[in-house]
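Everything below concerns the one structure shown next.
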Amino acid sequence: MNRRLILFITVLVSLALIVLTGIQAYWVRSAVEVRETGFHRSVADAMSDVMRGLEKAEISKQIKKNHEYNNLLKAIDSLDYLIYRETGEMPRNDGSSGFNYQRQQQWDEVFEDNQWKMVKKSDSAVMDFPGSHEEFNGKNKLSERARQLNRKKAYLLNQVLDEIFNSPFTPNIENRYTYGQLDTLISQALIAKGIEADYEFGVMSKSRNIMVIENDPLLREQLLNEGLFFPMLTRDGNVPQDFLLIIFPQQTRYLLIQMSGMLIISGALMLLIIIAFAIVIIAMIRQKKLSEMKNDFINNMTHEFKTPISTVSLACEVLNDPDVPKTADLLHSYIDIISQENKRLGVLAEKILQTAILEKGQLSLRNEPLDMHEVIADVIRNISIQVEIRDGSISFNPNASDPLVVADRMHITNVINNLLDNANKYTAKRPLIIVETDNVNNGIQVSIADNGTGISKANQKKIFDKLYRVPTGDVHNVKGFGLGLSYVKFIVDKHHGEVSVESEPGKGSVFRVWLPFNTAQD
């Protein structure tokens with residue numbers, strides 16, 4: 001899969017994700033708006049229930065008042081009968097009885113609708129029945145019993161007239177209800193509609209242009225600007241003058257909590273899609289890199305095998321050529337060449353086997369007591385010829401007082417050999433290699449320092465990856481498969497050890513391998 005195809009797929013899926021995210025955001029917004037509309041409808045229904053409750057309370061008061069009127073009238077009729085029995089004459093209702101009637105009214109001047117108006121504040125009446133003092137119909141002196149009955153009748157008639165004249169007068173809303181009473185009604189109505197959000201409310205008098213009932217004056221402006229308005233009880237069927245205002249300060253948060261399940265599922269699905277997309281893109285990029293590395297590996301392997309095979313083939317042709325004299329020195333020389341190239345082929349085959357080990361990921365170690373100084377000395381002895389050919393040197397400083405570890409001899413030997421081989425190969429000329437050992441943290445640490453080309457910080461994180469080789473542009477002066485360091489890390493990890501590197505471009509590198517004294521068998 002080429003780079004352009006990966007880029008095209010990435011852009012295409014990214015656009016699809018952007019469009020899907022936009023649709024999801026629009027859907028969530030629409031869902032919130034629908035939920036908000038339903039919320040306001042439920043609040044309106046709840047407030048309607050509150051108003052109906054207030055109207056029922058008013059009707060109940062009126063019924064009670066009418067019941068009291070009926071009781072007063074019945075009481076007056078009873079008194080008329082008693083007076084008749086006491087005096088022998090029925091009281092007349094034709095206006096000739098001569099009772100005195102006085103009506104008392106109180107008016108206030110208020111500013112309303114840009115003008116001053118007179119508003120009745122109270123209305124009452126007082127009746128003085130003459131028989132309550134001395135005479136009845138101006139003829140006979142009344143008995144004390146008759147006078148008492150007349151006085152009681154006058155009192156009852158005064159009550160009836162006062163109620164009649166005061167009935168058109170309705171007290172202000174703040175005089176009829178308290179904040180606590182309204183709060184209880186509102187709370188019960190909202191709970192009945194399934195609304196448990198925090199709220200604040202107030203009552204606004206339109207005629208007086210003031211907030212007559214409120215809990216917190218600081219919320220007055222918010223109630224006026226953002227509150228929901230609901231008309232309260234009208235006066236004699238006129239246009240309502242009092243309005244209930246209610247706000248929900250945490251409305252958006254409340255609605256989102258109500259929708260939290262749906263939002264979480266929606267967000268989780270979007271997140272899963274994005275993660276899946278990212279995993280696919282990363283897998284594609286890694287697959288592309290792996291394909292490139294495998295191609296490089298095959299090319300390098302072909303080249304590495306081609307050279308010794310060509311050399312062996314050429315030596316065999318010379319030995320088989322009848323025109324070439326077969327002297328002892330010539331035979332020995334060509335046999336030695338074939339032997340060296342055969343060993344080289346063996347080393348290459350060993351590296352291919354290392355690839356199989358890394359691919360399989362499973363390895364059975366044959367641990368045994370191992371003297372690291374002895375192993376390092378053997379590897380230095382075998383590789384020193386290659387270093388000396390390049391006019392270089394290897395020095396060994398066995399500083400560890402206890403060099404014994406429990407490890408697999410073959411694989412640990414390969415680890416040291418790979419590190420020393422890299423130190424030699426990646427030094428342009430005159431390699432200077434220093435090997436040291438120290439006892440660190442209940443184990444032994446092997447340090448291999450060189451004066452090679454060095455490794456940048458970015459590449460230091462990748463050099464232990466399988467088939468990875470430090471990029472050198474179009475020039476490939478150093479042969480290899482990119483397996484050495486990945487094999488080193490794999491074997492060291494299997495021994496529960498650690499491997500690290502310190503390096504700067506142009507200043508060489510220091511590889512450190514730490515192995516514990518006691519290595520558990522995997």
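Values below: all heavy atoms of this structure, side chains included; hydrogens, waters and symmetry mates excluded.
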Point to revise | Ionic contact status for Glu502 with Arg512, cut-off 4.0 Å | key: yes

- [ ] Ignoring hydrogens and angles, tell me if any N or O in the side chain of Asp183 forms a donor-acceptor pair with the backbone of Tyr179 under 3.5 Å.
- [x] no

Practice task
Kindly indicate whether the side chain of Leu485, heavy atoms from C-beta on, has any atom under 4.5 Å from the side chain of Phe511.
Solution key: yes

Q. How about Phe8: does its CZ atom have over 12 heavy atoms from other parts shown lying under 6.0 Å from it?
A. no

Flag the pair Asp45 and Arg41 as a salt bridge only when some basic side-chain nitrogen lies within less than 4.0 angstrom of an acidic carboxylate oxygen. no

Phe230 side chain reached by Leu245 side chain, heavy atoms, under 4.5 Å
no

Taken in chain and number order and not counting sequence neighbours, the residues that satisfy side-chain contact (heavy atoms from CB on, under 4.5 Å) with Ile191 are Ser187

Under a 4.5 Å cut-off applied to non-hydrogen side-chain atoms, are Asn215 and Phe201 in contact?
no

Contacts of Arg52 meeting side-chain hydrogen bond (donor to acceptor under 3.5 Å, both in side chains) (sequence neighbours excluded), chain-then-number -> Asp49

Exactly one candidate in Leu263, Ile23, Leu256 meets side-chain contact (heavy atoms from CB on, under 4.5 Å) with Val28; the answer is Leu263

Query raised in the report: Does some side-chain heavy atom of Ser14 sit less than 4.5 Å from a side-chain heavy atom of Phe277?
Result: yes

- Item | Verdict with supporting geometry, Asp198 and Phe248, side chain to side chain contact (heavy atoms under 4.5 Å, CB included) | CA-CA 6 Å; Asp198 295 334; Phe248 297 86; over 6 Å; no

Heavy-atom donor-acceptor pair, Trp514 side chain to Val446 backbone, under 3.5 Å:
no

**OP:** Take atom CG of Asn439 as the centre, draw a 6.0 Å sphere, and report whether it contains more than 12 heavy atoms from other residues, nucleotides or ligands.
**Re:** yes

Min side-chain heavy-atom separation Asp216-Leu219 under 4.5 Å
yes

Is there a side-chain contact between Phe243 and Val203, using heavy atoms and a 4.5 Å cut-off?
-> no

query: Heavy atoms, side chains only, cut-off 4.5 Å: are Leu190 and Met47 in contact?
result: yes

Practice item. Look at the side chain of His411 and the backbone N and O of His495, then say whether any donor-acceptor pair between them is shorter than 3.5 Å. Key: no

So for atom CD, which belongs to Gln181, do other residues, nucleotides or ligands contribute more than 12 heavy atoms lying within a distance under 6.0 Å? yes

